[in-house]
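This report refers to the structure that appears directly beneath it.
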Amino acid sequence: MVVFVLEEMRIRSLGVIDDAVVELSPGFTAVTGETGAGKTMVVTSLGLLLGGRADAALVRIGARNAVVEGRITVPPGGAAVLRAEEAGAELDDGALLISRTVSAEGRSRAHLGGRSVPVGVLAELADELVAVHGQTDQQGLLKLSRQRAALDRYAGDAVAVPLTKYAEAYRRLRAVSNELDEITTRARERAQEADMLRYGLDEIAAVEPRAGEDTELAEEAERLGHAEALASAATVAHAALAGNPEDPEGIDAATLVAGAHRALEAVRSHDLALAALADRIGEVGILLGDVAGELAGYADDLDADPLRLAAVEERRAALTALTRKYGAGVAGVLTWAEEGAARLLELDGDDERIGELTAERDSLRGELGGMAQALTDARTEAASRFAAAVTAELASLAMPHARVSFDIRQTEDPEGVEVDGRTVAYGPSGADEVELLLAPHPGAPARPIAKGASGGELSRVMLAVEVVFAGTDPVPTYLFDEVDAGVGGKAAVEIGRRLAKLAKTAQVVVVTHLPQVAAFADRQLLVEKTNDGSVTRSGVKVLEGEERVRELSRMLAGQEDSETARAHAEELLAAARADG
């Protein structure tokens with residue numbers, strides 16, 4: 001027997017379960033109980049521990065949160081241990097302690113080995129440790145995509161390696177095709193965009209704006225527009241500083257400062273402080289002279305030219321027309337022109353780009369066709385082995401004459417890829433449609449299981465598929481939620497026997513309503529419900545001896561104390577023990 005993995009779970013405030021401990025064991029554990037007692041909550045709890053989606057509706061009414069804790073024994077050095085250690089988890093005597101909390105508001109927290117971890121880490125561990133199968137999985141097997149995925153999983157690297165290469169080429173082809181479609185379908189819009197860009201660039205080129213020109217022209221227009229006032233002010237200021245030749249008696253600043261300077265110069269030798277003031281007044285005189293000279297030059301150079309003012313205003317109007325269309329200020333116009341030229345170059349290169357993309361698309365389609373053919377060949381080879389293995393397994397599940405096969409086909413599509421001389425549709429997983437066929441008895445035509453399999457037959461096909469996987473890609477623990485739905489009688493006995501056989505190499509936990517299945521379990525757990533006033537509570541207890549007989553009797557006849565049912569229950573247990 002393999003190393004036992006899932007030891008126990010504690011469930012608090014989850015659904016109808018108030019507080020329960022689920023003690024599991026190596027081998028085959030059956031979980032039973034009346035409808036509505038909370039058997040499904042056991043499956044839900046494990047799903048939460050393994051990174052399943054949290055839902056506030058799972059929290060028991062009146063509780064602040066639901067908590068599920070689990071203890072999982074893992075073999076040392078395994079991938080699960082390495083991943084847990086990477087997340088910072090610590091082992092407790094070779095076991096991982098996992099906790100998941102869901103609040104009434106829907107918030108979720110996960111802990112692994114004493115460390116808070118993302119929920120995704122738990123999901124990664126689940127891939128290594130547990131395979132969960134419920135009624136939704138059974139229905140999922142009806143989908144063609146799930147049937148192809150099952151075949152690919154069975155084939156292993158024979159399909160996985162070429163599928164990885166195919167997927168990369170497929171993604172590139174989709175990107176190339178999308179870009180090509182975008183260019184060709186928007187050809188008119190792109191041509192209109194190119195014409196608008198050319199018009200704008202020509203309009204800007206005709207004006208030839210310079211960086212900063214708008215600011216310079218604004219300053220010049222302001223000066224030319226007030227030339228007379230500026231000249232008059234400069235003349236008055238010059239006269240105040242240097243004197244007016246037409247008024248010899250007038251007093252000017254330069255004369256006054258010169259007089260002050262002479263007065264101090266005469267006595268500066270007597271006091272250093274006064275000498276310093278004399279120097280400063282001398283500097284003022286020099287500065288007044290310089291300013292007066294510049295004012296005279298400014299007035300002489302100032303040109304009140306109406307023609308120049310008109311030319312400046314005309315140039316400013318041309319720039320304003322550009323800024324209204326293409327950007328804020330000349331800087332914005334120049335930026336638009338730069339970006340527009342780059343975009344126009346891109347648009348003008350469409351024809352060349354279309355040619356390049358078309359050639360790459362055709363080349364990728366050719367490559368993809370070869371890869372799709374390799375996938376078809378690998379799937380076809382694996383399908384015959386997979387079908388034979390599932391058929392053999394069905395013989396031990398009370399379907400001795402059933403035959404399983406696979407129909408691998410492609411759909412014609414003129415826009416597809418060439419596979420085996422035909423142009424066929426393709427997708428992210430290749431060009432194959434894979435369908436599982438079942439012929440339940442000799443002479444019956446092989447029909448898709450979605451159309452030709454009853455509920456009980458579908459349950460057994462799914463179990464057979466999982467058992468085959470257990471031999472090629474095993475996990476330590478299997479959890480089946482009512483995999484025996486729609487089954488009864490001898491078929492139920494055979495399912496119980498097959499689950500017991502699977503449990504010799506793995507831990508198997510089965511939620512079941514069939515006594516024929518539960519009788520084969522190494523341990524039976526009862527999920528029982530009691531009414532406590534207005535509060536319903538569910539607990540989980542291990543059944544042994546007389547209690548197990550009573551539960552099997554209830555499952556058989558709905559009456560724990562029926563002598564006939566008790567005799568049948570004891571017979572079932574005895575037969576199961578003898579078979580084991």
Side-chain angles (χ1 to χ4, degrees), residues 139-191 349-388 390 404-439 445-453 465:
Q139 294 301 312
L141 190 61
L142 300 178
K143 299 179 181 179
L144 298 186
S145 59
R146 290 287 294 273
Q147 295 174 26
R148 182 180 59 209
L151 176 58
D152 290 353
R153 177 184 167 192
Y154 177 82
D157 287 346
V159 167
V161 173
L163 182 57
T164 299
K165 296 179 181 178
Y166 173 93
E168 293 175 357
Y170 177 83
R171 284 192 293 270
R172 177 56 188 162
L173 176 57
R174 293 263 49 84
V176 169
S177 298
N178 290 339
E179 184 178 354
L180 186 58
D181 289 344
E182 194 272 339
I183 292 177
T184 54
T185 57
R186 290 189 56 217
R188 178 177 298 177
E189 292 90 337
R190 294 169 75 90
D350 275 359
D351 291 341
E352 180 180 353
R353 183 59 178 159
I354 288 174
E356 294 174 354
L357 291 172
T358 301
E360 185 177 3
R361 181 197 61 189
D362 295 342
S363 175
L364 285 169
R365 278 183 176 171
E367 294 178 18
L368 214 61
M371 294 177 180
Q373 180 68 65
L375 279 173
T376 300
D377 293 342
R379 285 173 174 147
T380 301
E381 188 280 330
S384 61
R385 293 186 289 108
F386 192 21
V390 174
V404 167
S405 59
F406 281 93
D407 178 22
I408 300 177
R409 59 184 181 272
Q410 297 85 31
T411 302
E412 298 282 348
D413 183 352
E415 297 298 322
V417 296
E418 186 173 332
V419 177
D420 197 20
R422 297 180 302 132
T423 303
V424 300
Y426 62 98
S429 298
D432 303 318
E433 290 183 3
V434 176
E435 190 159 29
L436 185 61
L437 308 179
L438 174 67
R447 300 183 63 193
I449 60 171
K451 300 176 181 178
V465 168

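Since the model is a prediction, treat every value here as computed from it, not as a measurement.
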**OP:** Decide yes or no on side chain to side chain contact (heavy atoms under 4.5 Å, CB included) for F406 and L437, but give the supporting numbers first.
**Re:** CA-CA 6 Å; F406 281 93; L437 308 179; over 6 Å; no

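- One distance of note links CZ of F386 with CG of D152; it measures 10.0 Å at 0.5 Å rounding.
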List the atom pairs, with distances to 0.1 Å, where a side-chain N or O of residues 366-373 and a protein N or O form a donor-acceptor pair under 3.5 Å, not counting sequence neighbours.
| residue | atom | partner | partner atom | Å |
| --- | --- | --- | --- | --- |
| Q373 | OE1 | D420 | N | 2.7 |
| Q373 | NE2 | D377 | OD1 | 3.0 |

**OP:** Given side chain to side chain contact (heavy atoms under 4.5 Å, CB included), test Y426 with L173 step by step and report yes or no.
**Re:** CA-CA 11 Å; Y426 62 98; L173 176 57; 3.4 Å; yes

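- Residue T358 holds its OG1 atom at 4.5 Å from CG of L180, rounded to the nearest 0.5 Å.
- E412 is linked by a side chain to side chain donor-acceptor pair (under 3.5 Å) to R422, counting only residues two or more places apart in sequence or in another chain.
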Subject >> side chain to side chain contact (heavy atoms under 4.5 Å, CB included) evaluation trace for E415 with R365 >> reply: CA-CA 10 Å; E415 297 298 322; R365 278 183 176 171; 4.0 Å; yes

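- Looking at residues two or more places apart in sequence or on another chain, you find no side chain to side chain donor-acceptor pair (under 3.5 Å) involving S363.
- Not counting sequence neighbours, A158 has no partner by the side-chain contact (heavy atoms from CB on, under 4.5 Å) test.
- A pairwise comparison of heavy atoms in I408 and V434 identifies CG1-CG2, 4.3 Å as the closest pair.
- When all heavy atoms are compared, the tightest approach of R379 to S429 is NH2-O, 2.8 Å.
- For D362, the salt bridge (charged side-chain N to carboxylate O under 4.0 Å, His left out) criterion is met by no residue, not counting sequence neighbours.
- Here the closest non-hydrogen pair linking V159 and A378 is CG2-CB, 3.8 Å.
- With sequence neighbours excluded, the residues that form a salt bridge (charged side-chain N to carboxylate O under 4.0 Å, His left out) with R385 are E381.
- Residues meeting the side chain to side chain donor-acceptor pair (under 3.5 Å) test with T376, sequence neighbours left out: D432.
- Separating the NZ atom in K143 from the CZ atom in R148 is a distance of 13.0 Å, to the nearest 0.5 Å.
- Considering only residues two or more places apart in sequence or on other chains, Y166 meets the ring pair (Phe, Tyr, Trp, His ring centres under 6.0 Å) condition with none of them.
- Take T423 and apply the side-chain contact (heavy atoms from CB on, under 4.5 Å) test, not counting sequence neighbours, and it matches no residue.
- Expressed to the nearest 0.5 Å, how far OG of S405 lies from CG of L438 amounts to 8.5 Å.
- Residues satisfying the salt bridge (charged side-chain N to carboxylate O under 4.0 Å, His left out) test with E179, not counting sequence neighbours, are R353.
- In terms of heavy atoms, R409 sits closest to L144 at NH2-CD1, 4.2 Å.
- For A439, the side-chain contact (heavy atoms from CB on, under 4.5 Å) partners two or more places apart in sequence, or in a different chain, are R403, A446.
- Within the structure, salt bridge (charged side-chain N to carboxylate O under 4.0 Å, His left out) pairs that include any residue of residues 162-174 comprise R172-E360 (at least two apart or interchain).
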